[in-house]
Amino acid sequence: MVVEEYNEIARHYRIKETVGSGGFAKVKRAVHLPTGETVAIKIMDKVALGADLPRVKTEIEAMKNLHHHHICRLYQVVETSRKIFMVLEYCSGGELFDYIVQRDRLSEIESRAFFRQIVSAVTYMHYLGYAHRDLKPENLLIDDEQNLKLIDFGLCAKPKGGMSDQLYTCCGSPAYAAPELIAGKSYMGNEADLWSMGVLLYALLNGFLPFDDDNIGMLYRKIKSGKYDTPDWLSSESLILLKQLLQVDPKRRITVDELLNHVWITKEMGVPVEWNSKYQTSVLDDDVVTEMSVHRKVSRETMKAELEKWNYDYLTAAYFLLLKKKTSGRPVRLQMTL
Ligand SMILES: [NH3+]CCCOc1cc(-c2cn[nH]c2)ccc1C(=O)Nc1ccccc1
């Protein structure tokens, strides 16, 4: 058997247990040896990927442009003759899906806290011209500070002509798919995302789905009807917001701009959702540059020039992980050779 060259993954990471898998990928927890930080590594076999290979390229290109505190961060990409490795931000709390199931349903207050984070991530994506197109609780992970991190950008679309471009490919998970999407009509990615957010909010507040059926035909009929149960624990404000999100006619559906300071969204919070990224990627952090240049025995200018290529190689990973250590108040130190 062909022995894979001793690649960047084996050189810089100690791979641990599997933390999840989806379709064509296996995700393992790992330790980044130079910093000691924990990461998640999404491992894909190029042959097994087959026709899905473009989805991986789509996800990698999208994640290189999406820098937001509620979007799972990409640190490094390693491609060998047979595999693609994506080194990602680690979320110790697992999927929002399991979090809801374990609690039956969430209170309105907890649902609001989580939903505001989802609105923040999706608004940021839409402003950058991306639509996610597969929003669901399985694709929202919880980190060690109860923050949600959006994952799985394999289906996200960045239409050439910006958000006004119609999308055609039917995708995502049926139960979260907008009526216009399953009708096979042309649809707007951002409008379809708003519908999926309505399904998500319903799942948070109720612990089950608004439209569900084992028979796909029945499921589609329920989605197109736009009719769903309204359990008596739902507040009138929750019902109003759900009605505005789960509008069958996409032109009557609420927009992200109206969502940011919606009365339900701001209730007891007082402030609208802040959708701008907290990350300052354009300016390199001086302490991190210093530590890396000293460690590599190169000048700061040389190290800055290298880092500003954003190659998503071992330097990009070391930079982001050292920065994460700094923002978490841990020493900005590299432990071993880069
Ligand atoms: N439903 C999620 C299963 C686990 O998947 C992930 C976990 C992490 C993760 C776990 N801890 N920290 C980050 C990061 C990324 C993924 C992911 O992208 N999964 C995936 C998406 C589409 C197709 C196949 C796999």
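Below, all heavy atoms of this structure are taken into account, side chains as well, without hydrogens, waters or symmetry copies. Start at 1 and go down the list; that is how both ligands and their atoms are numbered. By convention here, the first residue in the shown sequence is residue 1. As the structure is a prediction and not an experimental result, all values here were calculated from the model.
- Ranked by closest heavy atom to atom 6 (C) of ligand 1, the top entry among Val27, Val19, Ile142, Leu88 is Val27.
- At least one heavy atom of Glu89 sits closer than 4.0 Å to an atom of ligand 1.
- With salt bridges taken as basic N to acidic carboxylate O contacts below 4.0 Å, one links Arg112 and Glu108.
- Qualifying salt bridge (charged side-chain N to carboxylate O under 4.0 Å, His left out) partners for Arg73, counting only residues two or more places apart in sequence or in other chains: none.
- Among all protein heavy atoms, the one lying closest to atom 24 (C) of ligand 1 is Gly22 O, 2.9 Å.
- Between Asp286 and Arg300, at least one side-chain N (NZ, or NE/NH1/NH2) sits under 4.0 Å from a carboxylate O, which counts as a salt bridge.
- Closest protein heavy atom to atom 16 (C) of ligand 1: Ile151 CD1, 3.6 Å.
- If you run ring-ring contact (aromatic ring centres under 6.0 Å, His included) between Phe211 and each of Tyr202, Tyr220, Trp195, only Trp195 comes through.
- Close approach of ligand 1 to Glu95 is summarised as follows: ligand atoms under 4.0 Å from at least one heavy atom of the residue are 1 (N), 2 (C), 3 (C).
- For ligand 1, the atoms sitting less than 4.0 Å from at least one non-hydrogen atom of Glu138 are 1 (N), 2 (C), numbered in the order shown with element in parentheses.
- The part of Lys42 lying near ligand 1 is the side chain, judged by heavy-atom distances below 4.0 Å.
- Residues Glu291 and Lys326 are not paired through a salt bridge, judged by the lack of any N-O separation under 4.0 Å between the basic side chain and the carboxylate.
- Under the ring-ring contact (aromatic ring centres under 6.0 Å, His included) rule, His132 has a single partner from Tyr124, Tyr176, Phe153, which is Phe153.
- In terms of protein heavy-atom proximity, atom 11 (N) of ligand 1 is closest to Cys91 N, 3.5 Å.
- In summary, the atoms of ligand 1 found under 4.0 Å from a heavy atom of Ala25, numbered by their order in the structure, are 24 (C), 25 (C).
- The protein non-hydrogen atom at the shortest distance from atom 4 (C) of ligand 1 is Gly20 CA, 3.9 Å.
- By the salt bridge (charged side-chain N to carboxylate O under 4.0 Å, His left out) test, Arg103 pairs with no residue at all, sequence neighbours left out.
- Considering only non-hydrogen protein atoms, atom 8 (C) of ligand 1 sits nearest to Leu141 CD1, 3.5 Å.
- Each of the atoms 11 (N), 12 (N) of ligand 1 lies under 4.0 Å from some heavy atom of Tyr90.
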